[in-house]
Amino acid sequence: MEEDDRKLRKSAKKEKKARKRLKKEAKKEAKRARRAAIDSSSGSSSDAEPLTSGLPEGAKWKPPERPLAGWNESSTTPSHRSAGSVAIRSMDMTDAEMRARADRAARFAVSAAEREMQDRRALPAPVIQVGAVHGQSKALEKSYLRLTALPRADEVRPLPVLAESFRLVQRRWEQERDYPYACEQLKSIRQDLTVQHLAGDGPRGRFALAVYEYHARLALLSCDSGEFGQCQAQLIPLHAAGLWTNAAEFGAYRLLHCMAVRGRSVAEELRSVMGGLRREDQCAPAVAQALRMVVYMERGEFSAFFAECAAGLHNLGASLVRPLLQPLRERALKVVCAAFLPSLPLSRAAVLLGFGGDAAVCREWLRAKGAIVELACANNDDDALLLTHATTAAFRAQAESRDREIGPAPPSR
């Protein structure tokens with residue numbers, strides 16, 4: 001049986017090779033025939049008389065000019081119609097047709113604005129003076145507008161006027177606490193400082209440092225992380241230029257801000273943040289506390305993190321940490337439920353979750369999150385228990401119900 005299959009495969013291969021050989025020979029024959037036809041046609045055309053024979057030496061041959069059918073050379077209009085052509089004749093137009101044609105011509109005419117733009121483009125390009133602008137404005141209050149062209153000197157305030165405007169903003173903030181107004185005025189002051197290159201060393205640099213630090217503190221108090229980030233970016237080179245007055249305070253803010261924004265990748269930012277501080281600033285209490293909190297966050301030591309928050313943060317660090325407390329408590333609750341089985345005293349859970357031992361507040365928060373708390377006596381939290389095993393099962397059921405509502409996840413490629 002195998003011998004017969006082998007013979008059949010050999011015969012099939014031989015037939016295939018024979019067909020290929022026949023195809024190649026047919027292609028070669030067709031190529032030879034085409035070549036012979038081309039040679040014969042070129043030989044016959046070479047015997048014919050060239051078109052340029054009889055012309056004087058140096059002259060070029062031109063095709064004969066023949067008048068178009070139905071065209072009278074003595075006029076610019078056709079003398080008669082040929083078959084299938086469209087008759088073109090002069091006709092008397094009415095006033096309505098004349099107005100319609102005039103309107104159409106006006107639509108395609110060049111407008112005054114386009115003509116003015118063409119004239120401007122024809123003018124030589126203006127010479128732009130690169131450098132600082134010297135302000136001449138005396139206005140204390142100025143709305144902030146993003147620059148779309150080179151600033152004008154009569155719209156920019158010099159340094160003495162900016163100093164007076166800054167004092168006005170400080171007085172208004174102490175009296176009214178109006179952050180939108182203060183933010184707009186401080187941004188306009190920062191803009192005037194930038195276009196006049198007044199953020200360098202010396203008294204001008206110290207004034208710019210005071211403006212950026214004051215705006216950063218107001219942004220922290222008002223939970224404006226965008227403006228705080230912009231001020232921090234400008235304070236880094238100012239502190240590096242030798243203006244170290246509040247470098248430790250804002251170094252701690254940078255650490256806490258990186259922890260809040262970067263999350264798990266905050267370790268990558270530690271080298272640049274700590275490297276930008278002097279040795280005495282690195283050992284400052286505010287920087288040391290911020291560094292401890294970053295380490296607690298990275299290690300998942302939630303109880304130590306909450307204890308540090310309860311002890312109080314330096315300066316305005318609490319404004320950066322406050323938005324992180326709720327998500328951290330939720331993560332800590334899952335860790336506590338996995339670590340303490342099957343139950344945990346509510347007083348102990350309140351300490352671990354950062355409620356400072358306030359069992360009543362902790363109980364209300366746990367019930368709002370779907371945890372299961374068992375009370376030994378009504379309205380008595382002393383002997384209450386957090387049923388960690390049942391809470392874990394309840395969280396798992398909630399997650400499964402959410403997955404069913406959302407639908408199955410797409411298959412991974």
Side-chain angles (χ1 to χ4, degrees), residues 212-213 216-233 235-236 238-240 243-340 344 347-359 361-362 365:
Y212 280 105
E213 288 181 348
R217 293 188 183 101
L218 291 192
L220 281 179
L221 290 172
S222 304
C223 300
D224 189 353
S225 59
E227 289 299 330
F228 173 77
Q230 292 182 19
C231 294
Q232 275 281 57
L235 285 171
I236 293 171
L238 287 172
H239 290 151
L243 304 172
W244 301 102
T245 308
N246 299 310
E249 176 190 353
F250 284 89
Y253 292 157
R254 283 186 65 195
L255 288 171
L256 296 176
H257 186 252
C258 289
M259 179 187 69
V261 174
R262 301 287 182 178
R264 293 283 184 176
S265 62
V266 67
E268 303 173 2
E269 302 289 333
L270 289 179
R271 184 184 298 273
S272 62
V273 174
M274 298 300 292
L277 298 174
R278 297 178 300 174
R279 184 172 296 275
E280 52 267 31
D281 292 330
Q282 292 177 0
C283 300
V287 176
Q289 185 187 49
L291 193 58
R292 287 197 303 271
M293 299 192 71
V294 171
V295 173
Y296 294 152
M297 173 76 79
E298 288 294 301
R299 292 180 177 177
E301 299 179 7
F302 303 113
S303 59
F305 186 92
F306 294 138
E308 197 76 47
C309 293
L313 300 181
H314 290 275
N315 303 314
L316 300 175
S319 300
L320 290 166
V321 176
R322 194 177 298 113
L324 302 177
L325 293 180
Q326 289 301 323
L328 279 180
R329 280 200 178 105
E330 293 176 1
R331 287 171 54 190
L333 177 59
K334 294 180 181 179
V335 173
V336 166
C337 289
F340 297 92
L344 179 70
S347 57
R348 177 62 176 160
V351 174
L352 294 176
L353 295 178
F355 288 99
D358 193 345
V361 177
C362 180
W365 183 83

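Note that this is a predicted model, so its numbers are computed, not measured. What's counted below: heavy atoms across the whole structure, side chains too, no hydrogens, waters or symmetry copies.
- Among residue pairs with one or both ends in residues 219-233, those qualifying as salt bridge (charged side-chain N to carboxylate O under 4.0 Å, His left out) are Lys187-Glu227, Arg190-Glu227; sequence neighbours excluded.
- By the 4.5 Å heavy-atom criterion applied to side chains, Leu324 and Met259 are counted as neighbours.
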N/O donor to acceptor pairs below 3.5 angstrom from side-chain atoms of residues 284-297, sequence neighbours left out:
residue, atom, partner, partner atom, Å
Gln289, OE1, His314, N, 3.1
Gln289, NE2, Glu308, OE2, 3.4
Gln289, NE2, Gly312, O, 2.9
Arg292, NH2, Glu308, OE2, 3.1

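- Qualifying side chain to side chain contact (heavy atoms under 4.5 Å, CB included) partners for Ala310, counting only residues two or more places apart in sequence or in other chains: none.
- Minimum heavy-atom separation, Trp244 to Gly276: CZ3-O, 3.7 Å.
- Between the SG atom in Cys337 and the CG atom in Leu333 there is a gap of 4.5 Å [rounded to 0.5 Å].
- For the atom pair CG (Leu313) and CG (Leu256), the distance works out to 7.0 Å, reported to the nearest 0.5 Å.
- How far CZ of Phe302 is from NZ of Lys334: 10.5 Å, rounded to the nearest 0.5 Å.
- Remark: Phe355 engages Trp365 in a ring pair (Phe, Tyr, Trp, His ring centres under 6.0 Å) (not counting sequence neighbours).
- Remark: Leu325 pairs with Phe305, Phe306, Cys309, Val321, Arg329 by the side chain to side chain contact (heavy atoms under 4.5 Å, CB included) rule, at least two apart or across chains.
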Going through the checks in order, is the side chain to side chain contact (heavy atoms under 4.5 Å, CB included) test met by Arg254 and Leu277?
-> CA-CA 11 Å; Arg254 283 186 65 195; Leu277 298 174; over 6 Å; no
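- Of the listed residues (Val336, Leu352, Leu353, Val335), just one forms a side-chain contact (heavy atoms from CB on, under 4.5 Å) with Ser303, and that residue is Leu352.
- Tyr253 contributes a side-chain N or O that, together with a main-chain N or O of Leu316, makes up a donor-acceptor pair within less than 3.5 Å.
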Could you walk me through whether Leu255 and Leu270 pass the side chain to side chain contact (heavy atoms under 4.5 Å, CB included) test, one step at a time?
-> CA-CA 7 Å; Leu255 288 171; Leu270 289 179; 3.5 Å; yes
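- How far CD1 of Ile236 is from OH of Tyr212: 12.5 Å, rounded to the nearest 0.5 Å.
- If you take CD on Gln232 and NE2 on His239, they are separated by 8.0 Å, rounding to the nearest 0.5 Å.
- Partners of Ser222 by side chain to side chain contact (heavy atoms under 4.5 Å, CB included), not counting sequence neighbours, listed by chain and number: Trp173, Tyr179.
- Gln282 approaches Met274 most closely through the heavy-atom pair NE2-O, 2.6 Å.
- In this structure, CG on Leu320 lies 9.0 Å from SG on Cys223, to the nearest 0.5 angstrom.
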